[in-house]
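Below: one structure in structure tokens.
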Amino acid sequence: MIPFNKPYLTGNETEYIQLAVASGKISGDGMYTKKCHDFFETRFGFGKVLLTTSCTDALEMAAILINIEPGDEVIIPSYTFVSTVNAFVLRGAKIIFADSEESNPNIDVSKIEGLITSKTKAIVPVHYAGVACDMDRIMDIAEKHNLYVIEDAAQAIDSYYKGKPLGSIGHLGAFSFHETKNIISGEGGMLTINDPSFAGRAEIIREKGTNRSSFFRGEVDKYGWVDVGSSFLPSDIIAAFLFAQIENLDKIQNRRKEIWTRYDNSFKSAGLDKILRTPFIPDYATNNGHMYYLVTEGLEQRNKLIDTCKAKNIHPVFHYLSLHKSPFYVDKYKGEDLVNADFYTDALVRLPLYYSLSDSEQDVIIETIINTFKS
Ligand SMILES: *Cc1c(COP(=O)(O)O)cnc(C)c1O
């Protein structure tokens with residue numbers, strides 16, 4: 001059986017968890033959280049980072065930080081995970097759904113300006129499959145209309161736009177370390193703060209609305225309730241797990257990209273890219289080996305692919321039902337048809353991609369898919 005995902009353990013996870021436990025401090029912001037923060041700030045040059053319990057939480061923090069109030073409008077692609085949207089819905093925002101590009105599932109930047117009104121407060125691009133959105137154009141639009149940009153970089157660790165790390169370009173960015181992502185901590189996430197004016201308040205919101213972080217640094221002699229907030233910080237046990245992963249980031253990335261490239265080369269040399277679409281990566285973007293997907297003609301062809309795979313015990317998956325058509329939102333949606341988002345909803349399929357996928361297992365997947373379409 002070849003599952004869609006298998007979490008990869010580098011070997012040091014449980015040792016670091018034991019060390020965290022032995023240190024006597026297992027709540028948030030302990031030794032391993034600090035090590036993770038230092039790593040991400042140094043390696044990717046993020047202004048400031050804060051580990052969170054999930055990417056969902058990092059997005060919720062972002063919505064609080066930019067003071068989303070009821071009635072504010074936020075522009076978000078419809079083809080994304082619910083958390084991208086929920087974070088803003090929770091604060092009373094009205095979601096303005098945008099369509100995807102025809103060539104790939106990222107937000108269609110040419111449609112954004114037409115969606116802006118006097119109530120628009122933010123744009124939330126999602127770097128689908130870790131492939132960058134056209135950030136220069138998005139940042140230009142945001143600057144012209146005085147909007148915030150929050151990057152949903154959940155899938156985008158170690159990926160770049162014109163040489164800049166994703167998550168470092170918008171005012172704020174959100175990453176995920178969920179077990180299906182490239183580097184993992186079970187559940188986990190991170191907020192990146194690129195506009196320094198958010199840094200102080202981000203620490204407070206993450207610590208239940210208190211200035212406890214300043215207190216621990218000795219900057220104030222007592223801490224108290226100074227703002228709204230919640231418990232967004234992870235235990236140091238989670239950070240210990242994550243630190244074992246990030247020590248092996250390059251090894252994980254190299255193997256994932258190798259698997260990705262092997263899929264791509266095999267399908268292209270078999271001419272499958274004349275029947276199905278292989279992933280499109282614009283010149284300005286890198287591939288971080290997060291996801292290998294195929295775009296079929298639609299539901300029928302996708303079902304055929306999934307069924308033939310399942311018959312061989314291979315488990316590809318599809319995901320993202322356009323959010324503007326989801327049960328929670330369909331009655332509220334008043335906008336235009338989003339044809340590309342709906343198309344990807346029916347046509348996109350993700351293939352198994354994980355560190356321990358062997359070449360021979362991958363060969364079985366590749367052969368099964370090629371045979372499905374060559375016959
Ligand atoms: C995984 C994912 C999330 C949610 O991440 P969690 O850490 O599970 O909260 C949000 N957005 C996108 C695009 C994702 O892929």
Side-chain angles (χ1 to χ4, degrees), residues 4-5 7 36 40 49-64 74-90 95 97-98 100-101 104-107 122-133 135 138 149-159 161 166-167 169-170 172-192 206 230-235 238-239 241-242 245-246 256 279 285 287-293 317-324 326 328 341 344-345 348-351 353-354:
F4 170 67
N5 182 55
C36 291
F40 288 115
V49 306
L50 290 171
L51 292 192
T52 56
T53 38
S54 63
C55 178
T56 303
D57 274 354
L59 290 162
E60 286 180 23
M61 283 183 67
I64 297 172
V74 182
I75 298 171
I76 302 180
S78 181
Y79 191 75
T80 184
F81 190 59
V82 285
S83 296
T84 322
V85 168
N86 253 336
F88 299 91
V89 169
L90 277 169
I95 307 303
F97 284 110
S100 296
E101 299 265 7
N104 73 92
N106 280 343
I107 190 166
I123 307 167
V124 188
V126 179
H127 304 299
Y128 184 79
V131 176
C133 298
M135 290 307 292
I138 292 172
V149 174
I150 295 162
E151 297 177 71
D152 183 338
Q155 306 175 2
I157 196 73
D158 194 33
S159 202
Y161 171 78
L166 298 185
I169 303 167
L172 298 161
F175 286 90
S176 175
F177 306 121
H178 182 264
E179 71 165 30
T180 53
K181 304 303 199 284
N182 289 27
I183 53 169
I184 61 175
S185 59
E187 304 281 352
M190 175 170 74
L191 179 71
T192 56
R206 180 167 164 271
S230 189
S231 186
F232 290 123
L233 75 175
S235 154
I238 301 273
F241 192 110
L242 183 63
Q245 294 268 314
I246 61 184
R256 292 188 71 105
N287 166 35
N288 73 341
H290 174 62
M291 186 197 300
Y292 195 85
Y293 65 84
V317 299
F318 61 86
H319 71 165
Y320 298 161
L321 309 175
S322 294
L323 292 176
H324 70 290
S326 57
F328 182 66
Y344 287 115
T345 296
L348 188 143
V349 58
R350 303 172 62 183
L351 304 187
L353 200 173
Y354 48 87

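All ligand and atom numbering here is 1-based and tracks the order in the structure. No experiment lies behind these values; they were computed from the predicted model shown.
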| message | If we only consider heavy atoms of K181, is any one of them less than 4.0 Å away from an atom in ligand 1? | response | yes
| query | Using the ring of each side chain (for Trp, its six-membered ring), is Y128 parallel, tilted or perpendicular to H319, with breaks at 30° and 60°? | reply | tilted
| Which residue and heavy atom of the protein sit nearest atom 9 (O) of ligand 1, plus the separation |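 The closest one turns out to be T56 OG1, 2.5 Å.
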| Ligand-side contact atoms (ligand 1) for residue partner V126, heavy atom cut-off under 4.0 Å |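 Going through ligand 1 atom by atom, the ones under 4.0 Å from V126 are 13 (C).
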| Is the distance between the ring centroids of F40 and F177 less than 6.0 Å? | yes
| query | Atom CD in Q245, atom CD1 in I184: separation rounded to 0.5 Å? | reply |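 It comes to 4.5 Å.
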| field | Interatomic distance, R256 atom CZ to I183 atom CD1 [nearest 0.5 angstrom] | value | 10.5 Å
| field | Close-contact set for ligand 1 against F81 heavy atoms, below 4.0 Å | value | 3 (C), 4 (C), 10 (C), 11 (N), 12 (C)
| With only distance considered, is T80 within less than 3.5 Å of ligand 1 through an N or O on each side? | no
| message | How far is atom 15 (O) of ligand 1 from the closest protein heavy atom, and which atom is that? | response | Q155 NE2, 2.8 Å
| message | If I apply the N/O under 3.5 Å rule, does E187 come out as touching ligand 1? | response |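 No; every N/O pair is 3.5 Å or more apart.
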| message | Does ligand 1 come near enough to C55 that some N or O of the ligand is less than 3.5 Å from an N or O of the residue? | response | yes
| query | Which residue from S176, G188, P77, G186 reaches closest to atom 6 (P) of ligand 1 through any of its heavy atoms? | reply |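 When every heavy atom of S176, G188, P77, G186 is considered, S176 comes closest to atom 6 (P) of ligand 1.
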| field | Flag, side chain of N182 to backbone of N288, donor-acceptor distance under 3.5 Å | value | yes
| message | Determine whether a donor-acceptor pair (N or O, by modelled atom type, separation under 3.5 Å) exists between the side chain of H127 and the backbone of C133. | response | yes
| task | Scan L323, I107, D152 and name whichever one has a side chain to side chain contact (heavy atoms under 4.5 Å, CB included) with P77. | result |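 Running side chain to side chain contact (heavy atoms under 4.5 Å, CB included) over L323, I107, D152 with P77 returns exactly one hit, I107.
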| request: Would you check, one step at a time, whether the test side chain to side chain donor-acceptor pair (under 3.5 Å) holds for S176 with H178? | output: CA-CA 6 Å; S176 175; H178 182 264; 5.5 Å; no
| query | Just which atoms of ligand 1 are under 4.0 Å from any heavy atom in S54? | reply |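 Taking each heavy atom of S54 in turn, ligand 1 has 7 (O), 9 (O) under 4.0 Å.
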| Nearest non-hydrogen protein atom, atom 11 (N) of ligand 1 | D152 OD2, 2.8 Å
| said: Taking a cutoff of less than 4.0 Å between a non-hydrogen atom of the residue and any ligand atom, is Y79 in contact with ligand 1? | reply: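 Judged by the 4.0 Å heavy-atom criterion, Y79 does not count as contacting ligand 1.
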| message | Testing L191, L233, D57, L242 one by one against L51 for a side chain to side chain contact (heavy atoms under 4.5 Å, CB included), which residue passes? | response |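 Answer after filtering L191, L233, D57, L242: L242.
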| task | Only heavy atoms count here, so choose which of A154, S83, A129, S185 is nearest to atom 12 (C) of ligand 1. | result |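 Residue with the shortest heavy-atom distance to the ligand atom: A154.
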